[in-house]
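So you know, we letter chains A, B, ... as the sequences are listed, proteins then strands, and number each from 1. The model shown is predicted, which means the values in this text are computed figures rather than measured ones.
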Amino acid sequence: MSRPSPVVAPELLGCYLLRRFADGSVIRSRIVETEAYAPGDPACHAYKKQTARNAVMFGAAGYAYIYLIYGMYHCFNVVTDAEGLGSAVLIRAVELMEVPAWFTATGKWARLGSGPGKLCRVLGIDRTLNGIQLNPDQPLWLEIGPTPTQIIQTTRIGISQGVELPWRWYDPTSPAVSKPCIKKL
DNA sequence: TACGGGATCTGT
DNA sequence: CAGATCCCGTAA
């Protein structure tokens with residue numbers, strides 16, 4: 001992951017995101033949608049300078065950058081590239097591999113991880129996990145998984161600058177992708 | 001110290 | 001398409 005985020009982002013598709021809760025239970029999810037944010041990119045939180053909020057992005061690769069957006073949702077990023085370079089990959093959607101018992105009753109869980117805010121909510125990811133290293137000793141980590149047979153590259157979502165950069169990737173066969181096609185290449 | 005916008009989501 | 005809701009960067 002110690003490489004530029006536009007290189008890492010498509011590679012994270014198909015990888016597993018694992019979350020261990022306080023009671024020891026673990027939920028495995030599969031990453032199906034990512035976006036890259038990098039130095040020189042006006043949409044990147046680390047575009048201007050290092051601040052208290054974006055400090056983790058300037059650190060070493062393989063750490064979690066988590067922030068609060070619109071006062072009520074969290075977004076989870078994987079920090080990439082060398083120290084000093086503020087860059088990260090936003091995880092925009094996951095598929096749940098193991099659905100917790102308290103969900104099975106409710107029925108529709110295919111799209112529970114469909115969106116950066118929704119996946120954080122369902123996996124209980126908030127700012128208390130900001131800055132942790134992503135390894136199995138922590139409540140949040142990654143594992144290699146099978147690469148999708150098909151990957152679509154498009155422009156990013158929800159930003160007002162850097163709109164033209166084609167730094168969003170997703171697995172078109174997944175029902176969990178947040179917005180199937182914004183602008184295909 | 002004040003102000004305002006933001007890598008979102010839901011219900012109308 | 002408006003509303004919820006709050007943190008933090010920027011300017012004063």
Side-chain angles (χ1 to χ4, degrees), chain A residues 1 4-13 15 17 19 29 31-59 61 63-81 85-96 103 106-132 134 140 142 151-171 174-185:
Chain A
M1 290 183 283
S5 53
V7 172
V8 177
E11 293 180 356
L12 283 177
L13 294 179
C15 287
L17 172 64
R19 169 73 162 112
S29 64
I31 297 173
V32 297
E33 182 180 351
T34 59
E35 280 180 2
Y37 291 85
D41 160 21
C44 182
H45 285 178
Y47 181 52
K48 292 182 178 173
K49 60 173 184 178
Q50 183 168 337
T51 65
R53 178 175 74 152
N54 65 24
V56 180
M57 290 184 80
F58 287 90
Y63 284 74
Y65 168 53
I66 300 163
Y67 63 92
L68 180 67
I69 188 69
Y70 299 124
M72 58 188 81
Y73 294 100
H74 293 270
C75 289
F76 166 65
N77 298 251
V78 177
V79 175
T80 69
D81 220 322
L85 298 179
S87 51
V89 173
L90 170 70
I91 307 302
R92 278 199 61 91
V94 300
E95 270 175 27
L96 300 182
F103 275 151
T106 73
K108 12 188 329 191
W109 35 268
R111 292 182 62 80
L112 277 177
S114 175
K118 292 171 74 177
L119 75 90
C120 283
R121 193 180 53 185
V122 72
L123 293 179
I125 297 173
D126 60 32
R127 288 181 311 160
T128 63
L129 299 177
N130 184 43
I132 66 167
L134 298 169
L140 208 53
L142 298 168
I151 292 177
I152 303 283
Q153 181 178 10
T154 69
T155 53
R156 295 174 293 180
I157 291 180
I159 53 175
S160 53
Q161 301 181 51
V163 176
E164 75 292 345
L165 291 171
W167 285 356
R168 171 172 178 249
W169 292 266
Y170 66 87
D171 173 356
S174 171
V177 169
S178 64
K179 315 216 166 159
C181 212
I182 296 302
K183 192 192 285 183
K184 234 173 171 177
L185 294 188

Exercise. From the options C:dG9, B:dT8, C:dA4, select the nucleotide whose nearest atom is closest to the side chain of A:Met72.
Key: C:dA4
Self-check item: Nearest-nucleotide pick for A:Ala52, side chain only, options being C:dC6, B:dA7, C:dG9
Solution: C:dG9
Practice problem: Using a heavy-atom cut-off of under 4.0 Å over every strand shown, decide if A:Ser160 touches base, sugar-phosphate, or nothing. | Solution: sugar-phosphate
Quiz item: Checking all strands, does A:Leu90 fall into the base, sugar-phosphate, or nothing category for heavy-atom contacts under 4.0 angstrom?
Solution: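 Base, at least one base atom sits under 4.0 Å.
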Practice problem: Tell me the partner of C:dT5, counting only Watson-Crick (N1-N3 plus N6-O4 or O6-N4) or G-U wobble (N1-O2 and O6-N3) with both under 3.5 Å; none if nothing fits. | Solution: none
Quiz prompt | Counterpart base for B:dA7, defined by Watson-Crick or G-U wobble contacts under 3.5 Å | solution = none
Specify the separation, in whole Å, of atom [atom1] of [X] and atom [atom2] of [N].
X	N	atom1	atom2	result
A:Lys48	B:dG6	NZ	P	11 Å
A:Asn54	C:dC8	CG	C1'	11 Å
A:Met57	B:dA7	CE	P	11 Å
A:Ile159	B:dG5	CD1	C1'	15 Å
A:Lys118	B:dT8	NZ	P	13 Å
A:Arg92	B:dA7	CZ	C1'	7 Å
A:Tyr73	C:dG3	OH	P	16 Å
A:Lys49	C:dC8	NZ	P	15 Å

Quiz item: When the nearest nucleotide of DNA chain C is assigned to A:Arg53 and to A:Gly71 on a heavy-atom basis, which residue is associated with the more 5' position?
Solution: A:Gly71
Exercise. Please tell me which of A:Arg121 and A:Gly158 maps to the more 5' nucleotide of DNA chain B, matching each residue to the nucleotide holding its nearest heavy atom.
Key: A:Gly158
Quiz item: So, do A:Tyr65 and A:Tyr63 have ring centers that fall under 6.0 Å from each other?
Solution: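 That pair fails the under 6.0 Å test.
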Quiz item: So, A:Tyr67 versus A:His45, ring centres under 6.0 angstrom or not?
Solution: yes
Practice problem: Measure distances between side-chain N and O atoms of A:Tyr70 and base N and O atoms of C:dA4, and say whether any donor-acceptor pair falls under 3.5 Å. | Solution: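 No.
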Self-check item: SB check A:Arg156 A:Asp41 (cutoff 4.0 Å)
Solution: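 Salt bridge present between A:Arg156 and A:Asp41.
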Quiz item: Should A:Arg156 be listed as having a side-chain N or O under 4.0 Å from OP1 or OP2 of B:dT8?
Solution: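 No, because none of the side-chain N or O atoms of A:Arg156 sits under 4.0 Å from OP1 or OP2 of B:dT8.
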Self-check item: Phosphate-side-chain proximity, A:Arg127 and C:dC8, N/O vs OP1/OP2 below 4.0 Å
Solution: yes
Quiz item: Which distance, rounded to the nearest 0.5 Å, do you find between the CD of A:Glu35 and the CZ of A:Arg168?
Solution: 6.5 Å
Quiz item: How far, in whole Å, is B:dA2 from C:dT5 if one measures between their P atoms?
Solution: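 Those two atoms are separated by 23 Å.
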Quiz prompt | Side-chain donor/acceptor of A:Ser114 to backbone N/O of A:Ala176, under 3.5 Å | solution = yes
